[in-house]
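Notes to accompany the following structure.
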Protein chains: 2
Amino acid sequence: MKLSEAKQQFIASWGAFGTHWGINRTMAQVHALLLVSPDPLTQDDVMEQLSVSRGNANMNIRELIDWGLVDRVIVPGERKEYFSAEKDIWKVATQIIKERKKRELDPMLKLINQLSTIEGDKKDKETKAFIDTINGIKKFGEQADRTLDTMIKSEESWFLSTMLKLFK
Amino acid sequence: MKLSEAKQQFIASWGAFGTHWGINRTMAQVHALLLVSPDPLTQDDVMEQLSVSRGNANMNIRELIDWGLVDRVIVPGERKEYFSAEKDIWKVATQIIKERKKRELDPMLKLINQLSTIEGDKKDKETKAFIDTINGIKKFGEQADRTLDTMIKSEESWFLSTMLKLFK
DNA sequence: ACAAACTTTCATTTATTTTTGAAAATTCAG
DNA sequence: CTGAATTTTCAAAAATAAATGAAAGTTTGT
């Protein structure tokens, strides 16, 4: 298999994979493209290599920056902006966990906490089932929250220790 | 907050939550409804409570059964089928992890393994970047695979030990 | 075997999400 | 300040995903 072919397949599959996880196909493809590009790319490079419009490329690149997965890179003497993706997959995973936790788990727990304050007779079967389910989710969510924080933290300290080694 | 109101909000939010994770809104809502229902429901109950069509209800209930999150329940003397959701959130989580792993992580790793066999000069910057990214994903995926298997297994043994206690 | 009760399918419709591309806004060198 | 280069916005169009409901299929009691 040739590089260009493998690259195409990787980008296409990463895009399809993303859609199964609620991620816009183009965003996942831009991410894939930047992951396998040794040097930073411009918006026009992305447009050309993925055959997408200017607006689409722009929107998804910015979304990736919001997610902390892509950085703007300044190339001296160039007017255009360049973009480059974090290449360390462990850092990528940590960042995604961090963002999803913030965007989804935390608001969900907030809601669950509100719902756990319903008034009602615990003798009632319907009420009891509701409270039990909500409490189950609450406990699970709180545990997940703690576990994910630990993962994020341990990754950061791993990162820190790696950095320290570099400067020792 | 009253039960009916809380229930409505839970179902709506669970549905919205699902869409962020690539899960069809109705499927997530049916799941939520069954999670807070003390007794099994029929397809008509689901249709009525969620205001969805027969086809939609049927399709999503079956999908939930495929995912191993909902069971058909036979009520003696009744012609209709009844459906009930697994209520233990830890088991629900385990089951979702199991299914997503099978449906998505495993095929992705298969692809990555194929892509890691590209021919090419490692001196070439493009080729090197591609190989490095693929290998990074490969290592990460293999670790995730092992970790998730451990989680699934530990849940099963926790389940087993709970069961054993019941019969001791 | 029949028919009522119930379940499943799937072509069509509807809703939602994504993409486009031209216009507006911004940036920056001279 | 000017204007060309570049980036961003957003209304409209296109693509995709989901829902509908009637018809076909299946099951079960008599």
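Note on naming: letters A, B, ... go to the chains in the order of the sequence lines (proteins, then strands), and numbering restarts at 1 for each one. Predicted, not measured: the structure shown is a model, and the values here were computed from it.
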Using the ring-ring contact (aromatic ring centres under 6.0 Å, His included) criterion, which residues pair with B/Phe130? Sequence neighbours excluded.
none
To check you understand the geometry: which heavy-atom pair defines the closest contact between B/Ala129 and A/Val36, and what is its length?
CB-O, 3.7 Å
Please check this pair: side chain of B/Asn58 against backbone of B/Arg54, looking for a donor-acceptor N/O pair closer than 3.5 Å.
no
My understanding is that only residues two or more places apart in sequence, or in another chain, count here; which of them pass side chain to side chain contact (heavy atoms under 4.5 Å, CB included) with B/Arg72?
B/Arg62, B/Ile65, B/Glu81, B/Phe83
Establish, with yes or no, whether the OP1 or OP2 oxygen of C/dT19 is under 4.0 angstrom from a side-chain nitrogen or oxygen of A/Thr26.
yes
Rounded to whole angstroms, how far apart are CD on B/Glu63 and C1' on D/dA19?
15 Å
Salt bridge (Lys or Arg N to Asp or Glu O under 4.0 Å) contacts touching residues 2-15 of chain B (sequence neighbours left out):
A/Glu126-B/Lys7
Between the side chains of A/Thr42 and A/Asp45, does any donor sit under 3.5 Å from an acceptor?
yes
Shorter than 3.5 Å, N or O on both sides, protein versus nucleotides 6-13 of chain D: list them out with atom names.
residue : atom : partner : partner atom : Å
D/dT7   : OP1  : A/Glu81 : N            : 2.9
D/dT8   : OP2  : A/Asn58 : ND2          : 2.7
D/dT9   : OP2  : A/Arg62 : NH1          : 3.3
D/dT9   : OP2  : A/Arg62 : NH2          : 3.4

What integer distance in Å separates B/Asn60:CG from D/dG21:C1'?
16 Å
How about CD on B/Glu48, more than 12 heavy atoms from neighbouring residues, nucleotides or ligands closer than 6.0 Å, or not?
no
Partners meeting side-chain hydrogen bond (donor to acceptor under 3.5 Å, both in side chains) with A/Asn24 (sequence neighbours left out):
none
Separation of D/dA18 atom P from B/Leu50 atom CG, nearest Å, is 16 Å
List every contact pair, protein side and nucleotides 14-17 of chain D side both N or O, where the distance is under 3.5 Å.
none

Nearest-Å distance, CG (B/Asp45) to C1' (C/dC6)?
14 Å
